[in-house]
Trainee: 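What follows is a single structure, and I will ask about it in a moment.
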Amino acid sequence: MQINGATTLVTGANRGLGQVYARELVSRGAAKVYGAARNPAAVTEPGVTPVALDITDPGRVAQVAGECADVSLLVNNAGVLKYSTFIGAPDLAAARAEMEVNYFGTLSMCRAFAPVVAANGGGAIVNMLSVTSFYTNPLDASYGASKAAAWSLTNGIRVELAHNGTLVIGVHAGFIDTDMAALTDAPKVSPESVAQQVFDAVEAGQIEVLADERSRFVKASLSRDHELIYPDVQAFWDAAIKATG
Ligand SMILES: NC(=O)c1ccc[n+]([C@@H]2O[C@H](COP(=O)([O-])OP(=O)(O)OC[C@H]3O[C@@H](n4cnc5c(N)ncnc54)[C@H](OP(=O)(O)O)[C@@H]3O)[C@@H](O)[C@H]2O)c1
């Protein structure tokens, strides 16, 4: 599909990657860019129309699908990362919060907007996933589980919605230079690079974006993950345990 002239909606558009997605859509000539956020007053990007939306509120998700019935491109960007381990975390609160936003919130948006984008010509749904959809690191283990669930969701709805002519794109990246990755000084891809790759994919009809070297390496290594991926993860975890005593 062409972005020029399309009506689009980005979740989590108030900051980070979502703000950059919205900016890139405006610069590519989208007719309308709805910028959805829990606090719509924080959506300040020029040319973007603020919409109040917490994606974990199914009633509000349904309302927004009605209010924004002209959308043909949905970008499910909103997400949370709690840096929570499976075993060491004090309780299930972080794991539940990540699943609630990253999986159930995204699922809820897909369900509400699938008929909307279909009615507007087929359109496209972009789901912002992660390299951690592909493998698990103890440091952000429950986040990885939620992104693996969202990857499964993305592959499932691509099949389910093909008859509507809806393009469904999964986007994977390692660290992106936003607040979410502020704690690490590891290499990070810029949000501008991710946004450009994603909207190039939308226009080219491509179903997957591997936005950095890490996600390309991990995806290519999946059939040998216990040789090529997990030994490094184990070494990293062992070093972290040693450093913290
Ligand atoms: N940064 C990375 O290293 C990285 C790597 C791979 C994938 N990702 C994914 O990329 C996406 C964007 O992340 P980011 O890097 O831009 O992180 P960020 O700077 O922390 O921004 C997260 C965005 O999601 C919004 N959000 C959180 N919970 C929400 C909810 N219940 N309803 C609506 N909006 C909600 C936040 O809104 P508030 O301002 O209200 O909190 C914020 O706008 C996420 O899906 C993330 O998992 C990030």
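Both ligands and their constituent atoms are indexed starting at 1 by order of listing.
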Trainee: Give the table of side-chain donor-acceptor pairs shorter than 3.5 Å for residues 9-22, with sequence neighbours excluded, one pair per line with atom names and distance.
Mentor:
{"from": "T11", "atom 1": "OG1", "to": "N77", "atom 2": "N", "distance (Å)": "2.9"}
{"from": "T11", "atom 1": "OG1", "to": "A78", "atom 2": "N", "distance (Å)": "2.9"}
{"from": "R15", "atom 1": "NH1", "to": "D179", "atom 2": "OD2", "distance (Å)": "2.9"}
{"from": "Q19", "atom 1": "NE2", "to": "E45", "atom 2": "OE1", "distance (Å)": "3.0"}

Trainee: Scan for ring pair (Phe, Tyr, Trp, His ring centres under 6.0 Å) pairs involving residues 177-198, sequence neighbours excluded, and state none if there are none.
Mentor: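 Matches after skipping sequence neighbours: none remain.
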
Trainee: Side chains of S72 and N120: is there a donor and an acceptor less than 3.5 Å apart?
Mentor: no

Trainee: Side-chain atoms of residues 159-174: list all donor-acceptor pairs with protein atoms under 3.5 Å, sequence neighbours left out, distances to 0.1 Å.
Mentor:
{"from": "H163", "atom 1": "ND1", "to": "E160", "atom 2": "O", "distance (Å)": "3.1"}
{"from": "T166", "atom 1": "OG1", "to": "G122", "atom 2": "O", "distance (Å)": "2.8"}
{"from": "H172", "atom 1": "ND1", "to": "S130", "atom 2": "O", "distance (Å)": "2.9"}

Trainee: Using a threshold of 4.0 angstrom between heavy atoms of the protein and any atom of ligand 1, which residues qualify?
Mentor: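 Residues within 4.0 Å of ligand 1: G12, N14, R15, G16, L17, R38, L53, D54, I55, T56, N77, A78, G79, V80, V101, M128, L129, Y143, K147, A173, G174, F175, I176, T178, D179, M180, A181.
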
Trainee: Nearest heavy-atom pair of V51 and C68: which atoms, and what distance?
Mentor: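 Answer, listing the atom of V51 first, then C68: CG2-SG, 4.3 Å.
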
Trainee: Is it true that Q196 and D200 share a donor-acceptor pair across their side chains at a distance under 3.5 Å?
Mentor: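 Short answer, no.
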
